[in-house]
Peer 1: 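The structure that follows is given in the form of structure tokens.
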Amino acid sequence: MTAKISYEGVEVGTELPVQSFPVTRATLVRYAGASGDFNPIHWNEKFAVEVGLPDVIAHGMFTMAEAIRVVTDWAGDPAAVVEYGVRFTKPVVVPNDDKGALIEVSGKVAQKLDDNRVRVDLVAMSAGQKVLGMSRAVVQLA
């Protein structure tokens, strides 16, 4: 596969489609099983509160993975992402109810680089708070 987006077709400031990703306790249990990360802060409310968290929180790597989906969906090829990094700024708190939490992600082309690459800056929010800082991806376009 290769990216479906043309380098010539984007400019600095090009906005990627905004996406929202729901997160429930069931989502976290499934992710724990797939990743092998069974830290109780991700599934045990009593433990999470005892260690000073407001409630159960989503895995950082899960949050990071959901955010980059905005880029991979836009580019049309997950392999188009050649670099990706974030800083974890706030946890995604996942209440024990039918709604859970929502991670809302937007992105825009921040810089055009050499070799048909662009830098995309992402903003990931949950409950009105920025949950990832310095969230940037370098993407190889067609």
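The basis for the numbers below is simple: all heavy atoms, side chains too, and nothing from hydrogens, waters or symmetry mates.
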Peer 1: Kindly say whether D37 contributes a backbone atom to a donor-acceptor pair with the side chain of H59 at under 3.5 angstrom?
Peer 2: yes
Peer 1: If I compare all heavy atoms of W74 with all of V109, which pair ends up nearest, and what's the gap?
Peer 2: CH2-CG2, 4.1 Å
Peer 1: Do you know the tightest heavy-atom contact between V86 and L132?
Peer 2: CG2-CD2, 3.9 Å
Peer 1: side-chain contact (heavy atoms from CB on, under 4.5 Å) between V82 and V139: does it pass, once the steps are laid out?
Peer 2: CA-CA 6 Å; V82 295; V139 185; over 6 Å; no
Peer 1: Show the nearest heavy-atom pair for residues F88 and G60, with the distance to one decimal.
Peer 2: CE2-O, 3.2 Å
Peer 1: Any idea which heavy atoms bring V92 and A101 closest together, and the distance?
Peer 2: CG1-CB, 3.9 Å
Peer 1: Would you find a donor on one side and an acceptor on the other, under 3.5 Å apart, between the side chain of S20 and the backbone of E104?
Peer 2: no
Peer 1: Closer than 3.5 angstrom, by distance alone: can the side chain of E66 be matched with the main-chain N or O of A124 as a donor-acceptor pair?
Peer 2: no
Peer 1: Side chains of D73 and Q19: is there a donor and an acceptor less than 3.5 Å apart?
Peer 2: yes
Peer 1: Just verifying a value: how many Å separate T2 OG1 and N116 CG, rounded to the nearest 0.5 Å?
Peer 2: 11.0 Å
Peer 1: Answer whether the closest heavy-atom distance between the side chains of V118 and V10 falls below 4.5 Å.
Peer 2: yes
Peer 1: Within a 6.0 Å radius of atom NZ on K108, are there more than 12 heavy atoms belonging to other residues, nucleotides or ligands?
Peer 2: no
Peer 1: Side chains of W43 and V56, heavy atoms from C-beta outward: is any pair under 4.5 Å?
Peer 2: no
Peer 1: Would you call D98 and R25 a salt bridge, using N to O less than 4.0 angstrom?
Peer 2: no
Peer 1: Quick check for you: to the nearest 0.5 Å, what is the distance between Q129 atom CD and K90 atom NZ?
Peer 2: 5.0 Å
Peer 1: For the pair K112 (side chain) and R119 (backbone), establish whether a donor and an acceptor sit closer than 3.5 Å, ignoring hydrogens and angles.
Peer 2: no
Peer 1: How close do P54 and V49 get, heavy atom to heavy atom, and via which atoms?
Peer 2: O-CG2, 4.0 Å
Peer 1: Find the distance between CG (D121) and CE (M134) and round it off to the nearest 0.5 Å.
Peer 2: 8.0 Å
Peer 1: Report yes if the side chains of I57 and V94 come closer than 4.5 Å at any heavy-atom pair, otherwise no.
Peer 2: no
Peer 1: Could you tell me whether the side chain of N44 and the main chain of K46 form a donor-acceptor pair under 3.5 Å?
Peer 2: yes
Peer 1: Stepwise, does the side-chain contact (heavy atoms from CB on, under 4.5 Å) test hold for V131 with M125?
Peer 2: CA-CA 5 Å; V131 295; M125 306 283 293; 6.0 Å; no
Peer 1: Tell me which one of T72, L122, V138, V120 satisfies side-chain contact (heavy atoms from CB on, under 4.5 Å) with Y84.
Peer 2: L122
Peer 1: When rounded to the nearest 0.5 angstrom, what is the spacing between OG in S126 and CG in L102?
Peer 2: 7.0 Å
Peer 1: How long is the gap from CZ on R87 to CE on M64, to the nearest 0.5 Å?
Peer 2: 12.5 Å
Peer 1: Ignoring hydrogens and geometry, is there a side-chain-to-backbone donor-acceptor pair from T24 to G100 under 3.5 Å?
Peer 2: no
Peer 1: Answer yes or no: is there a donor N or O on one side and an acceptor on the other, between the side chain of S135 and the main chain of V123, under 3.5 Å?
Peer 2: no
Peer 1: So which heavy atom on V12 is nearest to which on Q111, and how close?
Peer 2: CG2-CA, 4.0 Å
Peer 1: In terms of the angle between their ring planes, are Y31 and F62 parallel, tilted or perpendicular, with boundaries placed at 30° and 60°?
Peer 2: perpendicular
Peer 1: Counting C-beta onward and ignoring hydrogens, is there a side-chain heavy-atom pair between F21 and V70 closer than 4.5 Å?
Peer 2: yes
